[in-house]
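Every chain is numbered from 1, with letters handed out A, B, ... down the list of sequences.
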Amino acid sequence: MRLACTVNRPSVRAFFLRVTDNFPYGVAFAAAFAAASVLLVALSASPFAAIGAMAQGAFGSENATAETLVKATPILFVAVGICIAFRGGVTNIGGEGQMIMGALASVTVALAMPTAPGPITVTLSLMAGLVAGGLYGGLAGLLKAYFSVNEILSTIMLNQVAVQIMNFLLNGPLLDPTEIGTNAIAKTARIAESAELPRLSLPLPGGIADMFGTAELFGRTRLHWGLLLAVVLAVVTYVLLWRTTIGYRIRAVGQNERAARYAGISIPRNVILSMLLAGGFAGLGGAVQVLGLQYRLQTDGSPTGFTANAGFNGIVAALFGGLNPLGAIPASAFFGGLLVGAQKMQRDLGIPASLITAINGLIVMFVVSAQYFVRRRLKRRAFAPSEPVEAPSALTHTPAPAEGNP
Amino acid sequence: QDDVFRVAAVAPSATNDLAFSQSMFDALTAIDEAMGDAFEFTFQEGTFVVDDAAVALRDWAASGEYDLIIAHGSQYGAILEELAPEFPDTSFAWGTDVNTFGLENVYAYTAAAEEGGFINGTIAAALSESGVIGVVGPIEVGDAKLYVDGFVSGATMMNPDASVLVTYIQSFADVPLATEAAEAHIANGADILTGTAQMVVGPIAVATENELRWFGTQSSQAELAAASGVTFQVYKWEVVLNAIIANIGDGVLGGESFVIDLENGGLVMEVSEALDEETAALVNEIVETVSAGIVSGEIVVLPEDPMATPEAGS
Amino acid sequence: MIENILTASVFASTIRLATPYIFAALGETFAQRSGVLNLGVDGIMLMGAFCGYYAVYLSGSLVLGVAAALVIGLILGLVSAFISVTLKAEQGISGIGMYLFGLGMSELLFQRLVGTPQSVNGFPRLAFPLLTDLPIIGQVLFNHHLLVYVAFALVPIGAFILNRTPFGLMIRAVGQNPEAADAMGVNVVRVRYTTVCIGGMLAGLAGASLSIAQINVFQQNLTSGLGFIAVALVYFGRWRPTGILIGSLLFSFVNALQLQIGSIGIDIPSEFAVMAPYVITIIALIFASKRLEKPTALTRPFERGE
Amino acid sequence: MSSSLVTGKTRIEQMHMQGIVKRFPGVMAVNQVDFDVRAEAGRGEVHALLGENGAGKSTLMKLLYGLHRPDQGTITLNGQPTVIRSPQVAIRLGIGMIHQHFMLVPSLTVAENIALGMKSSRGALLDLARVRGRVRELSERYHLKVDPDVPVWQLAVGEQQRVEILRALYKDAALLILDEPTAVLTPGEVDDLFRVLDQMRQDGHLLVFISHKLHEVLTISDRITVLRDGQRVDTLPAKTATRLMLAQMMVGRPVVLEYDRPAVARGERRLLLDGVSALSDRGTPGLIDVALELYAGEIVGTAGVSGNGQHELAQVIAGLRPTTGGTITLNGQDVTHKSAAHLHKLGLAYIPEERMIDGVVRDFTVAENFVLHDHTRKPFAQGGVFLNFRAIAAAARTAIRDYEIKTPGTDTPIKRLSGGNIQKVILARELARRPQVLIAAQPTRGVDIGATEYIHHRLLDERAKGTAILLISEDLDEILALSDRILVMYEGRIVGQMPRDGVDVRHLGALMAGAK
Ligand SMILES: Nc1ncnc2c1ncn2[C@@H]1O[C@H](COP(=O)(O)OP(=O)(O)OP(=O)(O)O)[C@@H](O)[C@H]1O
Ligand SMILES: Nc1ncnc2c1ncn2[C@@H]1O[C@H](COP(=O)(O)OP(=O)(O)OP(=O)(O)O)[C@@H](O)[C@H]1O
Ligand SMILES: [Mg+2]
Ligand SMILES: [Mg+2]
């Protein structure tokens with residue numbers, strides 16, 4: 001899953017190697033499938049029907065694909081932020097809380113300006129999400145930079161605090177006015193239609209349109225502009241991390257604090273900055289969930305009720321993507337597919353939800369284990385043919401142009 | 001279209017949670033048994049991630065195979081409000097709530113949980129020796145809140161001096177916290193416990209261990225609370241479902257809201273069989289008289305606006 | 001007022017609540033001191049909780065229950081170690097995989113093997129002659145089930161092992177500088193396997209302390225994320241058993257206090273009460289000592305000659 | 001005193017490595033090398049390994065210590081073919097190794113570091129009291145003073161070295177490999193070490209000694225093997241060898257070992273320290289009332305035994321350590337309490353002592369490391385935000401060419417380069433911006449002869465250009481070879497100051513040792 005970015009001159013051989021390098025991932029899936037099969041057979045379900053349902057549920061139709069991408073969207077937002085944080089040496093586990101704070105701020109703004117023109121409302125609401133998530137993340141950064149409070153601890157704790165803040169606000173100041181006096185679940189009013197992030201669809205050119213029997217792809221699905229926003233953010237973040245001085249400093253601090261200090265780079269400032277950005281992106285993810293999908297914020301008392309675990313899945317996606325925002329794109333789509341496909345498995349075959357959770361765990365474990373074999377292959381290949389090798393010299397090798405690659 | 005009536009339902013927790021999700025699953029199973037081949041149902045459990053329900057509901061609706069799609073959980077309402085207009089020919093139902101969003105293809109259903117709560121409260125106050133009763137609630141919404149409010153109201157009616165300790169632990173699922181909340185009530189003198197939502201397995205175990213009495217709601221907890229249980233308010237969603245199925249048969253896809261209560265038999269008070277004779281007699285008598293009073297309207301379960309007393313008991 | 005809040009039962013409750021955190025965090029400390037982050041604690045706890053519960057459910061024997069929890073903890077610890085030590089996988093991810101597996105598997109097994117929640121006869125509260133009858137102290141300290149005492153006893157034992165034994169020395173060395181430890185003839189892989197397995201077994205026991213001692217019931221996701229708090233408490237305790245004890249007690253005390261405040265009906269929004277333990281834990285850390293003792297090789301796989 | 005050291009382990013009479021080959025990705029680190037050490041008539045041997053950075057010395061010895069497995073070749077011990085699978089096996093066979101990069105656990109105490117990996121006499125309990133006792137005994141016998149109860153991170157480098165030696169003695173290694181043990185020692189400490197080594201040789205120990213310093217090798221060894229590019233050039237008795245000969249074998253071309261220091265007119269005053277004090281990492285006074293002047297066109301050498309405040313001095317000047325008193329003036333501006341970045345802008349350059357920790361970001365490429373300070377400046381950044389890789393790579397390429405840095409390319413992670421080449425990158429980076437003042441801390445520590453020669457020439461060139469240079473070194477030869485003036489530091493103070501010409505080396509040594 002790690003993007004192999006170091007190949008400079010693409011060639012057929014390089015491409016072929018890249019495919020075969022990922023071979024262990026295939027084996028990992030097969031192994032996870034085998035392990036899951038044992039469980040499925042024990043529950044008298046057909047493993048092949050199960051995997052079929054999974055694939056169909058994830059990518060089997062226009063709607064399934066759209067749902068996969070919808071699921072992937074908040075994961076990608078969080079993952080992109082995680083790339084910054086982890087590269088900056090900050091272990092941010094607080095995606096959940098940051099998403100919630102972002103969602104709270106953006107829904108507040110969207111509700112406060114029901115009559116303003118749509119683009120303005122949407123922009124301001126997104127900004128509010130970015131800022132609120134950023135401040136919440138920045139708080140953990142601040143605690144780390146100036147009070148040595150470990151960020152793993154503070155972000156885990158702040159996740160719980162955010163939920164309670166949400167519960168309080170949604171039961172009080174932000175409660176849907178039409179619900180006052182009822183026992184309905186705590187939620188805000190619905191945002192105005194003008195404040196919605198529009199649905200996303202792709203107009204298809206004539207020939208293809210006929211083939212699919214529809215004039216636009218994803219026209220009748222829940223896919224929304226949040227996906228595009230997330231992908232753009234990933235690209236921008238890639239540029240930020242590897243093409244700008246800001247990213248350079250964040251990475252320097254993350255990889256060697258002492259060298260960074262020696263180079264005159266401020267450690268606290270960059271720790272806080274990476275948490276501001278990571279939190280901000282997660283907050284944006286929360287805002288997008290509200291503006292593009294749910295159109296209101298509601299709480300069942302748990303964090304997952306709103307975030308659907310995107311705050312955690314984003315970490316896994318970022319790590320699978322090699323802490324590269326571009327790698328996080330396919331990794332998030334993969335996760336989206338896994339989660340959406342698994343639900344389909346339950347619906348169609350009556351496989352208990354618990355088994356699906358367990359299988360997801362197995363897939364994660366097997367795939368992450370497969371990286372060992374991928375690395376080993378890469379390493380083996382790095383061994384030159386057996387004749388003695390000249391010490392590499394700058395004079396005999398024309399240095400390739402510097403690539404800002406990880 | 002064939003003659004089989006197909007239902008799909010999504011619910012937040014497991015089908016055997018002894019609480020909310022189980023109550024719907026039991027109802028569908030009961031109808032399935034009653035209608036045999038003419039009825040089929042699909043159930044997606046464990047959908048605590050609200051947005052996952054959106055995927056399921058959309059998938060079912062798009063397939064066009066289902067006569068009725070149920071979103072069993074008040075957290076799913078907002079989803080239905082967005083989804084139902086896109087599939088005007090499909091009938092949806094959701095609860096617990098009363099809101100059909102003005103849509104012609106949405107039913108809403110709810111439980112008058114305060115009624116059983118009231119009965120449980122009166123019995124609890126009658127049986128309590130210390131006059132202190134502990135309640136463990138999840139968050140203050142839906143039927144959980146109704147039940148707790150009804151319980152408090154019943155207990156204070158029976159014994160105006162009774163002290164009802166209410167803790168909302170802000171979670172439907174946190175068993176360790178619910179357990180400790182029950183322990184706190186006991187330490188403060190409670191000799192009777194009640195609670196609602198799936199985390200009550202903890203408080204039930206606490207009641208059993210301390211040989212205290214337990215009052216339940218949503219599903220029968222007679223098995224788990226064999227030693228401690230007194231009465232359980234059991235939801236019989238069949239009542240609502242049968243009405244909806246009949247309506248759909250008549251071509252009415254929604255627009256109506258249903259309540260299960262003592263009167264229509266949707267709420268049933270189950271009395272534990274493990275009670276000693278004397279207690280059983282007392283309990284049965286209270287159940288009967290208070291039920292009758294509620295059904296006849298003589299007893300007003302929640303006299304004031306329920307929102308006016310958010311923190312009961314103090 | 002204050003005597004209504006700070007009752008003996010609050011302290012007793014603190015001790016009960018702290019028990020699973022102590023088990024799990026202590027086990028995690030061993031793993032982390034040797035350089036392995038095991039984020040799957042909560043998953044292992046759930047499996048331990050279920051297996052312990054199921055063994056008691058079938059046999060009625062508490063010994064078997066504890067044994068089952070330890071064995072499943074050991075097995076899952078071995079799997080975790082294999083993935084993170086032998087296969088050198090990214091520890092953050094593999095831990096989340098283990099968590100999901102434990103979460104799903106424990107519920108699945110429960111549904112298939114037991115069905116609806118049923119209580120078992122778990123560890124009874126112990127009564128000590130004389131001691132239990134002491135006013136206040138008796139209720140606070142001498143009226144708990146056996147596993148509570150085991151957990152608290154493990155704190156000094158854990159500290160002793162880490163600080164006073166050759167094995168503890170190896171653990172500390174491997175977590176700080178595995179290359180140096182290796183060069184001195186310490187088998188880095190074996191040490192890490194051992195600590196991760198210890199962590200797994202204690203996580204299993206933490207789960208069992210809920211399902212066959214504290215609550216005596218199993219239900220899906222019984223721990224509700226308690227294992228993650230335990231990991232956070234390892235950071236709070238700065239990788240020292242006493243620090244973990246303090247952290248667990250503080251967190252549990254605030255939790256017990258908020259439950260007591262809720263129970264006696266003091267009118268503060270319950271949301272704020274519920275968030276109190278988390279906030280206070282962070283604040284406590286702001287004022288705590290700044291000495292960092294983080295194992296420098298934490299999450300770094302060891303490969304000889306790199 | 002010697003007999004009690006031999007505690008009954010099988011003595012190694014002879015160790016023979018034959019036809020050893022070891023490949024690393026892209027590198028033939030060791031290529032068909034034969035190497036042996038042997039005892040004769042109960043007397044051991046010191047066999048020196050010489051070679052430039054990356055010649056394969058450490059790799060060859062790691063193969064012997066079980067840290068790597070050879071791709072080809074055999075190792076025989078006392079005539080027995082032996083497979084050394086891991087350090088555990090090596091230790092059991094009586095092989096010990098003191099690594100180039102110390103293998104100590106910083107958070108553990110000296111005694112704990114020594115006890116690590118050994119059987120305790122008390123079974124499952126640590127027997128630190130016993131270890132402590134034995135350590136005291138050994139350190140007395142060999143004059144290796146260390147406090148067993150101090151955590152290792154509190155020790156200066158020279159003391160850490162002593163711990164490593166003590167540990168090997170404690171484990172009673174019959175064959176001891178010392179990988180550049182003197183790189184961090186003062187001349188006095190080197191003499192002490194050689195006394196220890198000689199004693200061990202008398203006791204029948206076999207010793208492999210790696211160093212870049214030819215006079216040391218000639219002093220202590222019996223035989224010398226020279227490696228170049230992974231291959232053995234020759235093995236010869238030390239008696240027949242000369243410095244020039246060895247240097248040529250290593251580098252493959254004639255080398256200059258003495259430098260011309262043309263007279264340069266001393267310019268204006270660039271740096272002034274007045275009464276500067278600072279704390280050490282341990283919180284004790286590390287720098288006490290230091291006064292110092294540095295003029296354009298001169299090299300001032302700072303001599304002193306490791307741990308006497310040189311580290312603090314360099315950090316204070318570079319703005320990396322807060323001062324607790326006094327003022328610092330750079331080019332006439334008061335810069336006390338100014339940040340490192342600020343000082344850099346004013347023309348200060350700093351070659352840090354611990355290059356892998358302070359000098360570079362290991363995972364960054366050569367090019368990225370090249371702009372560690374200047375990444376926001378033109379032409380490396382546009383508008384201060386976007387990095388201009390073309391310009392960065394071009395600058396790095398120029399440096400690679402000018403400084404003869406051996407690297408596959410500008411986009412190679414710098415951690416793949418050898419120590420000498422990393423040092424050249426740092427030097428190139430610091431000199432590229434034509435500094436007014438240069439602080440060079442241990443610029444050639446662990447760097448081979450060829451590179452050392454190169455770095456020295458560069459420093460002299462800078463001097464000729466009018467740069468003011470403060471050279472901090474524990475290598476007295478280096479100080480004497482380059483400096484115009486010499487300062488001596490002892491316990492955080494400057495205790496002596498003298499011009500280079502006509503310096504009395506014995507007097508210098510006495511000052512370093514704290515004589516009044
Ligand atoms: N673990 C490793 N992986 C890859 N390459 C390595 C590794 N260890 C050493 N090398 C390479 O092998 C060659 C020999 O390295 P070695 O460390 O043996 O040199 P050396 O003679 O000890 O040099 P120095 O004087 O700098 O210590 C170098 O090119 C080095 O880059
Ligand atoms: N808190 C610490 N943590 C880790 N390493 C430390 C710490 N304090 C000191 N050291 C290390 O101990 C070594 C000795 O430092 P010290 O300042 O005593 O020596 P020094 O004055 O720099 O002497 P010299 O420059 O001659 O070696 C340094 O290499 C330093 O990196
Ligand atoms: Mg070397
Ligand atoms: Mg030093």
Side-chain angles (χ1 to χ4, degrees), chain A residues 5-8 87 89 236 239-267 269 323 375-406, chain D residues 21 23-28 31-32 54 71 229-231 315 318-320 339-345 350 352 354 356-369 371-373 375-376 380-381 384-387 389-390 392-393 396-397 400-401 404-412:
Chain A
C5 292
T6 40
V7 179
N8 286 330
R87 289 267 172 199
V236 170
V239 172
L240 178 90
L241 275 176
W242 278 287
R243 306 278 150 157
T244 71
T245 55
I246 301 164
Y248 180 94
R249 277 191 294 252
I250 290 177
R251 287 186 298 125
V253 168
Q255 302 202 324
N256 187 345
E257 255 186 39
R258 278 181 60 173
R261 211 166 78 84
Y262 154 76
I265 299 170
S266 158
I267 312 274
R269 201 181 303 162
L323 290 182
R375 274 197 306 268
R376 217 172 54 169
R377 281 175 79 96
L378 290 175
K379 215 165 170 182
R380 273 216 209 110
R381 176 133 44 78
F383 278 62
S386 56
E387 79 272 9
V389 178
E390 290 274 323
S393 132
L395 299 175
T396 53
H397 288 242
T398 325
E403 283 262 3
N405 285 328
Chain D
V21 174
R23 285 179 212 96
F24 287 119
V27 184
M28 193 84 173
N31 191 359
Q32 294 290 349
D71 296 326
D229 288 342
Q231 279 166 310
Q315 286 204 318
L320 293 170
S339 71
H342 183 85
L343 293 168
H344 214 81
K345 286 210 185 74
Y350 173 38
E354 301 198 38
M356 291 309 281
I357 299 175
D358 291 319
V360 294
V361 179
R362 289 167 52 90
D363 293 304
F364 277 20
T365 64
V366 172
E368 284 179 315
N369 268 297
V371 292
L372 201 54
H373 303 286
H375 58 275
T376 45
F380 303 136
V385 173
F386 289 96
L387 292 170
F389 281 96
R390 216 178 285 273
I392 295 173
R397 262 199 301 276
I400 288 170
R401 196 184 54 232
E404 294 165 20
I405 297 165
K406 281 185 193 168
T407 168
T410 54
D411 57 350
T412 307

I'd like to verify something: which residue of D:V361, D:I357, D:D358 has the highest number of heavy-atom pairs under 4.5 Å with chain A?
D:D358

Quick one: does A:T245's side chain have a donor or acceptor within less than 3.5 Å of a partner on D:G384's backbone?
yes

Taking ring pair (Phe, Tyr, Trp, His ring centres under 6.0 Å) as the definition, give me every residue that meets it alongside D:H344, ordered by chain and number, with sequence neighbours left out.
D:H373

Under 4.5 Å from any heavy atom of chain A, what part of D:T376 do you find: side chain, backbone, both or neither?
both

For chain A, the option from D:F380, D:F386, D:F364 that forms the most heavy-atom pairs under 4.5 Å:
D:F364

Heavy-atom distance under 4.5 Å to chain A: side chain of D:V21, backbone, both or neither?
neither

Say you draw a straight line from CZ of A:R251 to CG of D:D363; how long is it, rounded to the nearest 0.5 Å?
10.0 Å

Can you tell me which portion of A:I265 sits under 4.5 Å from chain D's heavy atoms? Options are side chain, backbone, both or neither.
side chain

Just by modelled atom types, is the D:A318 backbone N or O under 3.5 Å from a matching donor or acceptor in the A:Y262 side chain?
no

Those residues that, when tested against D:V385, pass side chain to side chain contact (heavy atoms under 4.5 Å, CB included) (two or more places apart)
A:T244, A:I246

Might you point out which heavy atoms bring A:G264 and D:A340 nearest each other, and give the distance in Å?
CA-CB, 4.1 Å

